[in-house]
J.: 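Sharing a structure here in structure tokens format.
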Amino acid sequence: MVTNGVGRMRVDPIGPLKGELTLPGDKSITHRAIILGSLADGITEITGALRSHDCRDTAKAFGTMGVTIEELGNDQLRIRGGGLHGLKEPQEVLDVGNSGTTMRLLAGVLAAQPFFSVLTGDRYLRARPMARVTVPLRSMGATILGREGGNFPPLAIKGTHLRAIDYVSPIASAQVKSAILLAGLFADGETTVTEPSLSRDHTERMFEAIGIPIHRHGLSLRVDGIKQISPFQMAIPGDFSAAAFFLVAALVIPRSELTLREVGINPTRTGLLDALQSMGAMIEVSRRRIVSGEPVADLHVRSQALHGTEVTGDLIPRMLDEIPIFAVAAALAAGPTTIRNAAELRVKEVDRLAALVQELRRFGVQIAQHPDGLTIQGSTSLLGCDCDSWGDHRMAMALAVTGLAAEGSTTISDPSCVSSSFPDFWEQLNATLPGTAVAVEP
Ligand code: S3P
């Protein structure tokens, strides 16, 4: 079913989504567990790990630096960490594929190593801004070179014994915050990072869960240099960002009803629930519990009529990765929806504001872009079309949901790009539908 970067996926609107689903493990949390497990002293065991290209790229990078990471059955990883100072100089360039999280968080770790390393990625990642991490890491003492003054990969890093900084980040970015916190674990003294509004807080929660001291004060975080990380056991919750595609699909496709089990509902990630609620959606949240320091629940959703809304301000960082699928909900709601303060979308895997405008227009959606957002005029009648995923996993999945809600067939280019975050997306989507709705074009 999943193609290898070639071919197109055909999506036919064949009816409601029904049943129960367990989503793959959270991508952000899996990256962090692999990084901290690799730096721990001994054997760390992770269950529910996401086995996507991006997370494998993180594991592969630590493998190149001498850490043994075994993939066991049932989404389990066993990591033999060599300690905070156990990494070996990589003999080759660390190619982290499409994964921005890997590149930016790893830059924080590599800045503190007594060796030279080079980070690169695919053509999409090589076009993404890195100054947001290279500037603060240089001020901690690391030497980092890259294209255009260190803003674009490849990045060449000569690590050193770091000094602590007090950094006020101009953007609410968990990748920036986490890169500095990871570097701070190796630095002399207290490192502080402050963000303008709260981005996902998985790094902070994981530090707390595995016994790394971290102090939160408003939007500021403080860590001290430490001597050791103890190995840990961790269960990773289902990825809310993966659940988002099914939540919206079930809302907009008539007569749908889905239960999504074991989904992470960390409030720094669930802005989409608030946004959908403001459009009139009712999503039941049940069996709330805490797993490895992260809130988890089951979500139950039925198809419902939605109306337009406005999303802006502090809500945006809480639904950053969900804007593509939120735009699809808006395209099928009654009345206009406005998204503002979302300029960060322009430097994601692709410029997602431009991609959404171009692709949703093909379905007949009235959509306009602003420098920092979109205005979408909702409608109930979309027309299937041939559209382009732009090689972006979240665009491909959002377009698949649009296709299921449109009249007639839709085809989507480069469908295998979903492997970055959700390798089984097409299979799981088919499993909730009353027949084969998505199929590779012959
Ligand atoms: C992530 C942070 C976000 C998000 C990305 C994953 C993370 O990026 O968009 O998919 O795991 O820290 P930014 O930090 O660039 O906002």
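We count residues from 1, following the sequence as given. Quantities reported herein were computed from a predicted structural model and do not represent experimental measurements. Read the numbers this way: they start at 1 and go in the same order the structure lists the ligands and their atoms.
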J.: Show the atoms of ligand 1 that are less than 4.0 angstrom away from any heavy atom in Leu320.
T.: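 Near Leu320, meaning under 4.0 Å from one of its heavy atoms, ligand 1 has 9 (O), 16 (O).
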
J.: Parallel under 30°, tilted from 30 to 60°, perpendicular over 60°: which one fits the rings of Phe422 and Phe246?
T.: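 Geometry flag for Phe246 against Phe422: tilted rings.
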
J.: To check you understand the geometry: which heavy-atom pair defines the closest contact between Ile265 and Arg288, and what is its length?
T.: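 Answer, listing the atom of Ile265 first, then Arg288: CD1-NH1, 3.6 Å.
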
J.: Does His31 have a non-hydrogen atom less than 4.0 Å from ligand 1?
T.: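 The answer is no: ligand 1 sits nowhere under 4.0 Å from a heavy atom of His31.
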
J.: Among protein heavy atoms, which sits nearest to atom 12 (O) of ligand 1, and what does the distance come to when rounded to 0.1 Å?
T.: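 Minimum-distance protein heavy atom for atom 12 (O) of ligand 1 reads Arg32 NH2, 2.6 Å.
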
J.: Ion pair present between Arg318 and Asp274, side-chain N to carboxylate O less than 4.0 angstrom?
T.: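 Answer for the salt bridge query: yes.
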
J.: What is the minimum heavy-atom distance between Ala333 and Met279, and which atoms define it?
T.: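 In terms of heavy atoms, the two residues are closest at CB-CE, 3.8 Å.
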
J.: Just grab all the side chain to side chain donor-acceptor pair (under 3.5 Å) pairs involving residues 92-101, residues at least two apart or on different chains.
T.: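 Pairs touching residues 92-101 that pass the test: Asn98-Asp122, Asn98-Ser420, Ser99-Thr102, Thr101-Gln175.
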
J.: Tell me which protein heavy atom sits closest to atom 14 (O) of ligand 1, plus the residue, atom name and distance to 0.1 Å.
T.: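 Looking only at protein heavy atoms, the one closest to atom 14 (O) of ligand 1 is Ser173 OG, 2.6 Å.
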
J.: Taking only residues two or more places apart in sequence or in another chain, which ones pass ring pair (Phe, Tyr, Trp, His ring centres under 6.0 Å) with Phe207?
T.: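 If we apply the ring pair (Phe, Tyr, Trp, His ring centres under 6.0 Å) test to Phe207, skipping adjacent residues, there are no hits.
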
J.: To check your reading of the model: name the closest protein heavy atom to atom 11 (O) of ligand 1, its residue, and the distance in Å.
T.: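 Checked against all protein heavy atoms, atom 11 (O) of ligand 1 sits closest to Ser28 OG, 2.7 Å.
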
J.: Any atoms of ligand 1 less than 4.0 Å from a non-hydrogen atom of Arg104? List them with their elements.
T.: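 The atoms of ligand 1 under 4.0 Å from a heavy atom of Arg104 are 15 (O).
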
J.: Backbone, side chain, both or neither: what part of Arg200 comes under 4.0 angstrom of ligand 1, heavy atoms only?
T.: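 Under 4.0 Å from ligand 1, Arg200 contributes side-chain atoms alone.
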
J.: Just to confirm my output: which protein heavy-atom neighbour is closest to atom 1 (C) of ligand 1, and how far is it?
T.: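 For this ligand atom, the closest protein heavy atom is Gln175 NE2, 3.5 Å.
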
J.: Is the backbone of Val168 close enough, under 3.5 Å, to the side chain of Thr194 for a donor and an acceptor to pair up by distance?
T.: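 Looks like no, no N/O pair under 3.5 Å.
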
J.: Using heavy atoms and a 4.0 Å limit, tell me yes or no: is Lys177 in contact with ligand 1?
T.: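 For ligand 1, residue contact (heavy atoms, under 4.0 Å) with Lys177 is absent.
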
J.: At what distance is the nearest protein heavy atom to atom 6 (C) of ligand 1, and which residue and atom is it?
T.: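 Heavy-atom neighbour on the protein nearest atom 6 (C) of ligand 1: Thr101 OG1, 3.4 Å.
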
J.: So which heavy atom in the protein is nearest atom 15 (O) of ligand 1, and how far is it from that ligand atom?
T.: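 That would be Lys348 NZ, 3.2 Å.
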
J.: Using a strict threshold of under 4.0 Å (side-chain N to carboxylate O), is an ion pair present between Arg340 and Glu310?
T.: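 Looking at Glu310 and Arg340, the cut-off is not met.
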
J.: Identify the closest protein heavy atom to atom 10 (O) of ligand 1: which residue and atom is it, and at what distance?
T.: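 Checking every protein heavy atom, the shortest distance to atom 10 (O) of ligand 1 gives Asp321 OD2, 2.7 Å.
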
